[in-house]
K.L.:
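Let me begin by handing over the structure; questions about it come next.
Here is how names work: the chains are called A, B, and so on, in the same order as the sequence lines, proteins then strands, and each is numbered from 1. Keep in mind it's a predicted model, so treat the numbers as computed, not measured.
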There are 2 protein chains.
Amino acid sequence: MSSTVAKALTLLDHFSENEPEIGLSDLARRSGLDKATVHRMLSVMADAGLVEQRHDTKLYRLGAGILRLARIREKAFPFASVLQPELDLLAQETGETAHASLISGRALATVGICESSKANRVSLVVGEVLPFHATASGIATLAFGTEELSARVLTGPLDGKTSFTLTDPGRLNALIETARRTGFGETDQTNEIDVYGIAAPYFDKTGFACGAVAVATPSHRMTEALRDKIVDAVLRTAQVITSGTGGTQPAGYPETVRKTLSSLPDGSA
Amino acid sequence: MSSTVAKALTLLDHFSENEPEIGLSDLARRSGLDKATVHRMLSVMADAGLVEQRHDTKLYRLGAGILRLARIREKAFPFASVLQPELDLLAQETGETAHASLISGRALATVGICESSKANRVSLVVGEVLPFHATASGIATLAFGTEELSARVLTGPLDGKTSFTLTDPGRLNALIETARRTGFGETDQTNEIDVYGIAAPYFDKTGFACGAVAVATPSHRMTEALRDKIVDAVLRTAQVITSGTGGTQPAGYPETVRKTLSSLPDGSA
DNA sequence: AACTACTGTTGACAATAATGAACCAGAGGG
DNA sequence: CCCTCTGGTTCATTATTGTCAACAGTAGTT
């Protein structure tokens with residue numbers, strides 16, 4: 001059940017902004033694999049350019065081949081580039097940290113960030129992978145993604161990231177249903193303590209969500225007014241991104257949102 | 001000698017700017033692997049986010065995980081970002097197409113391009129991999145790279161890309177030696193017909209070349225004067241990139257270059 | 001200097017995971 | 001209706017892989 005390529009590729013996940021270079025033994029320890037195994041894997045990945053080894057410290061880091069592949073993808077399907085300006089705008093408009101992500105395997109990959117200019121802000125590490133079930137972006141994406149995706153997530157393991165994380169498939173599905181009605185995902189401290197997230201999905205050409213744009217604020221700062229402002233801005237940004245990347249909204253999406261939105265402040269139909 | 005991960009990763013090389021989406025059977029044919037094998041590999045790579053499958057056409061393409069990894073690398077070791085402005089400047093200054101590459105496994109990965117504004121110009125495909133032995137960038141990199149790198153290239157296969165390609169290790173080594181003296185690499189139509197290349201290496205922290213910046217011009221347009229101008233500009237750009245990316249030039253590099261350069265136009269010592 | 005505790009690297013054998021031919025189901029085309 | 005594509009799946013065979021041990025080099029300590 002554990003293919004060797006899968007094991008090799010999980011090695012890449014141990015590299016992060018905070019830890020861009022890792023030694024062989026260290027990497028073996030974390031991945032739970034044998035030193036020799038990791039060594040062989042890294043060698044062939046270095047050969048392919050996915051990683052590279054500094055010849056002085058012997059440490060490994062992500063390689064130049066990744067940049068090359070990213071350029072190819074970005075040239076063929078521009079996303080990060082068309083996304084960033086909208087993200088900057090969203091952050092400025094709301095005064096809070098904005099970020100965007102895309103479905104990447106069994107999780108969300110953060111592909112764009114613009115941090116708030118406030119001193120007290122939510123700070124995100126570049127390239128972090130976000131679990132579907134514990135983030136507003138994940139909920140928003142699941143709500144409007146393919147049936148197969150949500151099924152896979154709901155049947156998979158639901159790690160408790162904080163004490164607020166929904167680890168029960170039933171309750172998680174209820175939250176997804178809510179998002180499906182309102183048009184956006186909303187979570188409070190389910191992934192990290194004191195972080196409140198509001199996210200709206202954007203769509204690919206087939207009308208399924210391929211990711212979400214979100215605004216993250218310190219939980220204690222969240223008010224009814226700020227929430228409404230963010231929901232509005234996030235939904236608008238998502239729509240811009242959808243059309244900007246050649247996606248199409250599914251039938252009835254904007255209408256549903258509008259209706260639900262207008263009912264939010266006072267609860268009237 | 002053929003590890004499964006290596007085979008899996010070579011699948012990624014079939015994606016290009018011109019062909020960003022590939023079907024299963026097609027990919028199996030090109031890679032020479034079995035359909036079932038390719039399918040399994042793509043499945044696990046999709047799971048890791050390296051590739052993704054469109055649910056309508058079933059075609060595969062490079063995934064969002066690549067963008068994520070690229071962001072991590074770029075955040076930790078900014079290269080493409082610091083490189084691009086210099087590249088733009090170089091292209092404008094010389095009036096020809098400029099590009100930059102980094103060592104990526106057994107080849108060079110193109111990580112930056114700025115095309116000439118002239119109608120008749122050298123056009124490059126994004127994300128192309130450049131063979132060391134057939135490009136000016138490769139020669140420049142080999143000349144100032146680690147001994148181990150040039151040894152690996154010289155003992156490896158030397159495919160004839162054009163009729164001008166040096167496929168003999170001895171003659172190739174002579175060309176590298178020349179570059180080691182002059183400080184830059186120079187090739188004429190060794191990789192593509194009617195393309196003349198001049199490249200200068202930039203260095204990492206340890207003083208070894210980690211890539212090269214190059215200017216490519218239509219061969220017939222090359223003159224003595226243009227050549228001198230390009231050599232000068234390329235060398236200067238490379239130095240800027242070296243220092244801009246935290247690299248250090250090896251002892252004696254600039255001096256050697258200066259001396260050789262001044263001897264170029266008229267041949268005096 | 002010797003000892004320790006690391007590191008990255010290499011080799012050999014047992015065990016596991018990859019392989020590839022055959023097969024299924026569906027979509028077009030003639 | 002047949003033929004030929006496509007993506008996807010199954011399963012016995014076999015080769016690749018994981019494991020473990022030993023090796024070499026380095027840094028810190030006694």
K.L.:
Angle, rounded to 10°, between the helical axes spanning five pairs at each terminus of the helix from C/dA1-D/dT30 to C/dG30-D/dC1?
P.N.:
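Computed from the C1' atoms at both ends, the axes differ by 30°.
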K.L.:
Does the separation of the ring centres of A/F144 and A/F208 fall below 6.0 angstrom?
P.N.:
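No, too far apart.
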K.L.:
With a cut-off of 6.0 Å (strictly less than), are more than 12 heavy atoms of other residues, nucleotides or ligands near CZ of A/R171?
P.N.:
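For A/R171, atom CZ is not crowded (no more than 12 foreign heavy atoms under 6.0 Å).
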K.L.:
Using the rule side-chain contact (heavy atoms from CB on, under 4.5 Å), only one of B/R68, B/E74, B/R71, B/R73 pairs with A/V126; which is it?
P.N.:
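Testing A/V126 for a side-chain contact (heavy atoms from CB on, under 4.5 Å) against B/R68, B/E74, B/R71, B/R73 leaves exactly one candidate, B/R71.
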K.L.:
Are more than 12 heavy atoms from other residues, nucleotides or ligands located less than 6.0 Å from atom NZ of B/K7?
P.N.:
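More than 12 within 6.0 Å, yes.
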K.L.:
Any chance you could measure B/I176, atom CD1, to B/L142, atom CG, to the nearest 0.5 Å?
P.N.:
4.5 Å
K.L.:
Rounded off to whole Å, could you give me the CE-to-C1' distance for the A/M41 and C/dA17 pair?
P.N.:
11 Å
K.L.:
Return the value, rounded to whole Å, for the distance between atom CD of B/E148 and atom P of C/dT9.
P.N.:
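Roughly 11 Å, once rounded to whole Å.
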K.L.:
Name the orientation class of the two ring planes belonging to B/Y202 and B/F79 (parallel below 30°, tilted from 30 to 60°, perpendicular beyond 60°).
P.N.:
tilted
K.L.:
Give B/T4 one of three labels, base, sugar-phosphate or nothing, depending on what nucleic acid heavy atoms sit under 4.0 Å from its own.
P.N.:
sugar-phosphate
K.L.:
Within the 4.0 Å limit for protein heavy atoms, which parts of nucleotides 3-9 of chain D are touched? Write it as a string from 5' to 3', B for base, S for sugar-phosphate only, - for none.
P.N.:
---SBBB
K.L.:
When the distance from NZ of B/K7 to C1' of D/dT16 is rounded to whole Å, what number comes out?
P.N.:
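Distance, rounded to whole Å: 8 Å.
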K.L.:
Does A/R152 pair with A/E148 as a salt bridge, N-O distance under 4.0 Å?
P.N.:
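Looking at A/E148 together with A/R152, the answer is yes, because their closest N to O distance falls below 4.0 Å.
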K.L.:
Give, for atom CZ of B/R40 and atom CG of B/D34, the distance between the pair rounded to the nearest 0.5 Å.
P.N.:
9.5 Å
K.L.:
Just how far, in rounded Å, is C1' of D/dG18 from CG of A/L11?
P.N.:
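A/L11 atom CG is separated from D/dG18 atom C1' by 14 Å.
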K.L.:
Of all residues at least two apart in sequence or in a different chain, which pass the ring pair (Phe, Tyr, Trp, His ring centres under 6.0 Å) check with A/F15?
P.N.:
none
K.L.:
Rounded to the nearest angstrom, tell me the gap between atom CG in B/D56 and atom P in C/dA27.
P.N.:
14 Å
K.L.:
Is there a side-chain polar atom (N or O) of B/R40 under 4.0 Å from OP1 or OP2 of C/dT19?
P.N.:
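The answer is yes; a side-chain N or O of B/R40 sits under 4.0 Å from OP1 or OP2.
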K.L.:
Atom CG of B/L42 and atom P of C/dT19: how far apart are they, to the nearest Å?
P.N.:
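Result: 12 Å.
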